[in-house]
Asks: 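Below is a structure I'd like to ask you about.
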Amino acid sequence: MESFNLTQSRYRSRRGSNSSSHSGAPGAGIWRTLVSLAFVIALSPSAAQAQNLTDTQVALVSGTLADSAQQSWELGTRAQTILSLNATAFSVYTASSLPPPTSIDAFGSGNSSTLSPFFDIARTVVQNRTASNGNVTGPQPLIQDGSAADPASIGFAVLLANWTGLDSGEVDYAGAARDQLDFLFQKVPKTPNGAISHRVDQVQLWSDFVYMVPPFLAYYGVTTSNRTLIEEAYTQIKLYRTYLRDPSANGLWKHVLLGTGALDDGHWSTGNGWAAAGMLRVLATMKHSQYSSSFSNEQRDLADWTLEIQNGMYQTLDSTLIFTNWAGQPPSSSNFRDASSTALLASTVFRLSLLYSYHHNLPIAERCRQALFASGNRQSSSISSSYSTALADMNHFTMEGYLSPVVNPHSFNVQGNTSAEAQAFVLELHAAWSDWIQDGAQGANGATPLTSTKSFQTATLASVGLGAWLLL
């Protein structure tokens, strides 16, 4: 493998914690006609605007995310959300080319303020790392964690801080990123075929890994002109898919395999969302990089693998439009509804449409988005004055502004009260949908639903109303 030096860094100071066919839906006849027409109406911008977050609501959710993100992966996820919402020119999803400009003001002076909370994450993590280890250098994570993968999620922010010359070289972002990279390859255990473990103390694979590590590897490769690292990002996803993909469950991924302790061979909904979102971040990085043409096959694989997860997940969806914690299992006291994975997966549908023109699941994702952002019957007059009323009447938000219901982000088999990652997923969904609308809502009229269960079709027609019938 090529040398892992930040050769393109503006400052190079030494150093001082989880393919499928894309054909249309099966079947034909009156049901397919009605459902397709209903989805076209549901996807129209005028209809969708009724279930959209306002700027005030986005600000409230962003504030709760900032307050609640404390753990390594929460900080990494929040950092990505900041780019998706407020500094899109530096996001791999919307950047015209990668690596980005070295000046944060290249796209306008406003980027300095919008990127400030993003860079605060990178700065605080790197400075705390130095303070806690007494300037010891060498292979080590950005944050000490039982997960080998989760701290790497912050690596993207550290790399961009280094690339743009944040703090004029006074903070060793280059060294911190290099130490994180070396830690993954030199200290973390691996499977015999080279899959990097998600855990530090044993070889164990989690679907969450795909969001945490491969995007970091790919972006490291882009900012150092190291093609091998971008290829390694793809390879790690391919290896994880080999272990975790369940062919008996329409290609859904299992959650935790190998090793001992917290094993989970179920199809955790959030884990499938993590995997799909991570693959798309690598796809976007490849597509916009200097090596795009040499990774055409890999980009197709990533798009197909993402679509496969989406297809498998949406086939488990029922008329509530909200996934259960473990996909494909009936709801129960131990298998609660989970709005966080619903938001995350829907965001990947809009991103895949924008990145690779795979529009198949747009209708279902849009119905889920509308359900998540729909207004309810809660009366604002009954809300304590200490709470904002911005989200007071929305079905899937608490009075404090948190998405609900959600899985406990620190215990995947327990329902939670609040979740930092869920707040990030809501904002990612809002950002992805907004980008898709701004791009002209490509694919809305041609999208064909891949889910064909009668319960979902009936619910969709009922929610849209008589408009579809009148178009016949």
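Remember, it's a predicted structure, so these values are computed and weren't measured experimentally.
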Asks: What do the steps show when you test Tyr219 against Phe156 for ring-ring contact (aromatic ring centres under 6.0 Å, His included), and what is the final call?
Replies: CA-CA 7 Å; Tyr219 204 68; Phe156 188 103; 3.9 Å; yes
Asks: What do the steps show when you test Asn413 against Ser411 for side-chain hydrogen bond (donor to acceptor under 3.5 Å, both in side chains), and what is the final call?
Replies: CA-CA 6 Å; Asn413 57 355; Ser411 183; 3.2 Å; yes
Asks: Does a side-chain heavy-atom distance below 4.5 Å link Pro100 with Trp163?
Replies: yes
Asks: So, His359 and Ser353: side-chain donor and acceptor under 3.5 Å apart, yes or no?
Replies: yes
Asks: Are Leu355 and Leu280 side-chain neighbours, meaning at least one heavy-atom pair lies under 4.5 Å?
Replies: yes
Asks: Using only atom types and a distance under 3.5 Å, with no angle test, would you say the side chain of Gln180 pairs donor to acceptor with the backbone of Pro141?
Replies: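 Pair absent, no side-chain N/O of Gln180 close to backbone of Pro141.
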Asks: Answer whether the closest heavy-atom distance between the side chains of Asn52 and Arg369 falls below 4.5 Å.
Replies: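 Result yes, sub-4.5 Å side-chain heavy-atom pair found.
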Asks: Tell me, yes or no, whether the heavy-atom count around Lys187 atom NZ, taken from other residues, nucleotides or ligands under 6.0 Å, exceeds 12.
Replies: no
Asks: Heavy atoms only: give me the nearest Leu362-Gln442 pair and the separation to one decimal.
Replies: CD1-O, 3.7 Å
Asks: With sequence neighbours left out, write down each residue that passes side chain to side chain donor-acceptor pair (under 3.5 Å) with Ser96, or none if nothing qualifies.
Replies: none
Asks: Would you please classify the geometry between the Tyr211 ring and the Trp274 ring as parallel, tilted or perpendicular, with 30° and 60° separating the classes?
Replies: tilted
Asks: Phe119 versus Ile104: any side-chain heavy-atom pair under 4.5 Å?
Replies: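 The answer is yes; the side chains approach within 4.5 Å.
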Asks: Do side-chain atoms of Gln236 reach the backbone of Val210 as a donor and acceptor pair under 3.5 angstrom?
Replies: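 Side chain of Gln236 to backbone of Val210: no pair is present.
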Asks: Determine whether the side chains of Ser269 and Asp338 contain a donor N or O and an acceptor N or O closer than 3.5 Å.
Replies: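 There is no such pair between these side chains.
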Asks: Between Leu181 and Leu217, is a side-chain contact (heavy atoms from CB on, under 4.5 Å) present by the stated rule, with each step listed?
Replies: CA-CA 8 Å; Leu181 186 72; Leu217 299 180; 3.4 Å; yes
Asks: Closer than 3.5 angstrom, by distance alone: can the side chain of Lys190 be matched with the main-chain N or O of Phe185 as a donor-acceptor pair?
Replies: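 Checked: pair present.
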Asks: Can you tell me how far the OG1 atom of Thr224 sits from the CZ atom of Arg178, to the nearest 0.5 Å?
Replies: 11.0 Å
Asks: Could you grab the distance from atom NE2 of His396 to atom OG of Ser404, nearest 0.5 Å is fine?
Replies: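 So the NE2 of His396 and the OG of Ser404 are separated by 8.5 Å.
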Asks: So do the side chains of Phe336 and Val414 get within less than 4.5 Å of each other, counting heavy atoms only?
Replies: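 Contact flag for Phe336/Val414 side chains = no.
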Asks: Taking all non-hydrogen atoms of both residues, which atom of Cys368 and which atom of Leu317 are closest, and how far apart?
Replies: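 Taking Cys368 first and Leu317 second, the nearest heavy atoms are SG-CD2, 3.6 Å.
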Asks: Tell me whether the count of non-hydrogen atoms from other residues, nucleotides or ligands lying under 6.0 Å of CG in Asp201 goes above 12.
Replies: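 Yes, the 6.0 Å shell around CG holds more than 12 heavy atoms from other groups.
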Asks: Is a donor on one side and an acceptor on the other found under 3.5 Å between the side chain of Gln415 and the backbone of Val407?
Replies: no
Asks: Classify the ring geometry between Tyr314 and Phe323 as parallel (under 30°), tilted (30 to 60°) or perpendicular (over 60°).
Replies: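 Answer is tilted, since the angle falls between 30° and 60°.
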Asks: What's the spacing between Met286 CE and Leu98 CG if we round to 0.5 Å?
Replies: 12.5 Å
Asks: What is the ring orientation for Phe412 with Trp268, classed by angle as parallel under 30°, tilted 30 to 60°, or perpendicular over 60°?
Replies: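 Phe412 and Trp268: tilted rings.
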Asks: Looking just at side-chain N and O atoms, do Tyr220 and Asn226 make a donor-acceptor pair shorter than 3.5 Å?
Replies: no
Asks: Can Glu308 and Arg241 be counted as an ion pair, charged N to O under 4.0 angstrom?
Replies: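 Salt bridge: yes.
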Asks: Are Thr320 and Arg337 close enough that a side-chain donor and a side-chain acceptor fall under 3.5 Å?
Replies: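 Side-chain D/A pair, Thr320 to Arg337: present.
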Asks: Please check if the number of heavy atoms outside Gln438 that lie under 6.0 Å from its CD is greater than 12.
Replies: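 Result for CD/Gln438: open.
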Asks: When you measure from the centre of the six-membered ring of Tyr93, is the NZ or CZ of Arg281 closer than 6.0 Å and no more than 45° off the axis?
Replies: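 No, a cation-pi geometry is absent between Arg281 and Tyr93.
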Asks: Which word best sums up how the rings of His430 and Trp433 line up, parallel for under 30°, tilted for 30 to 60°, or perpendicular for over 60°?
Replies: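 Answer is tilted, since the angle falls between 30° and 60°.
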Asks: For the pair Ser294 (side chain) and Tyr291 (backbone), establish whether a donor and an acceptor sit closer than 3.5 Å, ignoring hydrogens and angles.
Replies: yes
Asks: Testing the 3.5 Å rule here: is there a donor-acceptor pair between the side chains of Asn250 and Gln315?
Replies: yes
Asks: Taking side chain as C-beta onward, heavy atoms only, is Leu302 less than 4.5 Å from Tyr356?
Replies: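 No, too far: nothing below the 4.5 Å cut-off.
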Asks: Quick check: Tyr240 with Trp305 (ring centres under 6.0 Å apart)?
Replies: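 Here the rings of Tyr240 and Trp305 have centres that are no less than 6.0 Å from each other.
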Asks: So, does Ser153 use its side chain to make a donor-acceptor pair with the main chain of Met212 at under 3.5 Å?
Replies: no
Asks: To the nearest 0.5 Å, what is the distance between CG on Leu65 and CD1 on Ile82?
Replies: 7.5 Å
Asks: Check whether the side chains of Tyr402 and Asn417 place a donor and an acceptor atom closer than 3.5 Å, and report yes or no.
Replies: no
Asks: Tell me yes or no: between the side chains of Gln310 and Thr348, is some donor less than 3.5 Å from an acceptor?
Replies: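 Looking only at side-chain atoms, Thr348 and Gln310 do form a donor-acceptor pair, the distance falling under 3.5 Å.
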Asks: What pairs with Ala249 under side chain to side chain contact (heavy atoms under 4.5 Å, CB included), at least two apart in sequence or on another chain?
Replies: Asp246, Leu252, His267
Asks: Check whether any side-chain N or O of Glu428 sits under 3.5 Å from a backbone N or O of Leu344 as a donor-acceptor pair, and report yes or no.
Replies: no
Asks: Is there a side-chain contact (heavy atoms from CB on, under 4.5 Å) between Leu53 and Val426 once you walk through the steps?
Replies: CA-CA 10 Å; Leu53 296 183; Val426 167; 3.9 Å; yes
Asks: Does a side-chain heavy-atom distance below 4.5 Å link Ile154 with Ser72?
Replies: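 Yes, side chains in contact.
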Asks: Are Gln370 and Arg367 linked by a side-chain donor-acceptor pair shorter than 3.5 Å?
Replies: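 Judged by distance alone, the side chains do pair up.
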Asks: Evaluate the criterion salt bridge (Lys or Arg N to Asp or Glu O under 4.0 Å) for residue pair Glu231 and Arg227; output intermediate values, then yes/no.
Replies: CA-CA 6 Å; Glu231 184 176 10; Arg227 185 187 182 281; 3.5 Å; yes
Asks: Centroid separation under 6.0 Å, is that true for the rings of His198 and Trp73?
Replies: no
Asks: Nearest 0.5 angstrom please: Asn162 CG to Thr164 OG1, how far?
Replies: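 Rounded to the nearest 0.5 Å, the CG-OG1 separation comes to 8.0 Å.
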Asks: Asn361 vs Leu307, test: side-chain contact (heavy atoms from CB on, under 4.5 Å). Steps then yes/no.
Replies: CA-CA 8 Å; Asn361 289 309; Leu307 181 64; 3.6 Å; yes
Asks: Using 30° and 60° as the class boundaries, would you call the ring planes of Phe350 and Trp436 parallel, tilted or perpendicular?
Replies: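 Geometry flag for Trp436 against Phe350: tilted rings.
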Asks: I'd like to know if Glu421 pairs up with Arg78 as an ion pair, taking the criterion as any Lys NZ or Arg NE/NH1/NH2 lying under 4.0 Å from an Asp or Glu carboxylate oxygen.
Replies: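 A salt bridge is absent here (no side-chain N lies under 4.0 Å from a carboxylate O).
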Asks: Would you check if the distance from the ring center of Trp253 to the ring center of Tyr243 is below 6.0 Å?
Replies: no
Asks: Please check this pair: side chain of Ser289 against backbone of Val222, looking for a donor-acceptor N/O pair closer than 3.5 Å.
Replies: no
Asks: If you apply the rule side-chain contact (heavy atoms from CB on, under 4.5 Å), what do you find for Leu257 with Leu263, and how did you get there?
Replies: CA-CA 6 Å; Leu257 294 182; Leu263 299 178; 5.8 Å; no
Asks: Are Arg123 and Asp167 within salt-bridge range, i.e. N to O under 4.0 Å?
Replies: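 Result for this pair is yes, salt bridge flagged.
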Asks: Out of curiosity, Thr223 OG1 to Leu229 CG, how far, rounded to the nearest 0.5 Å?
Replies: 9.0 Å
Asks: Quick one, Leu83 and Thr88 - any side-chain contact, counting heavy atoms below 4.5 Å?
Replies: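 A side-chain contact under 4.5 Å is absent here.
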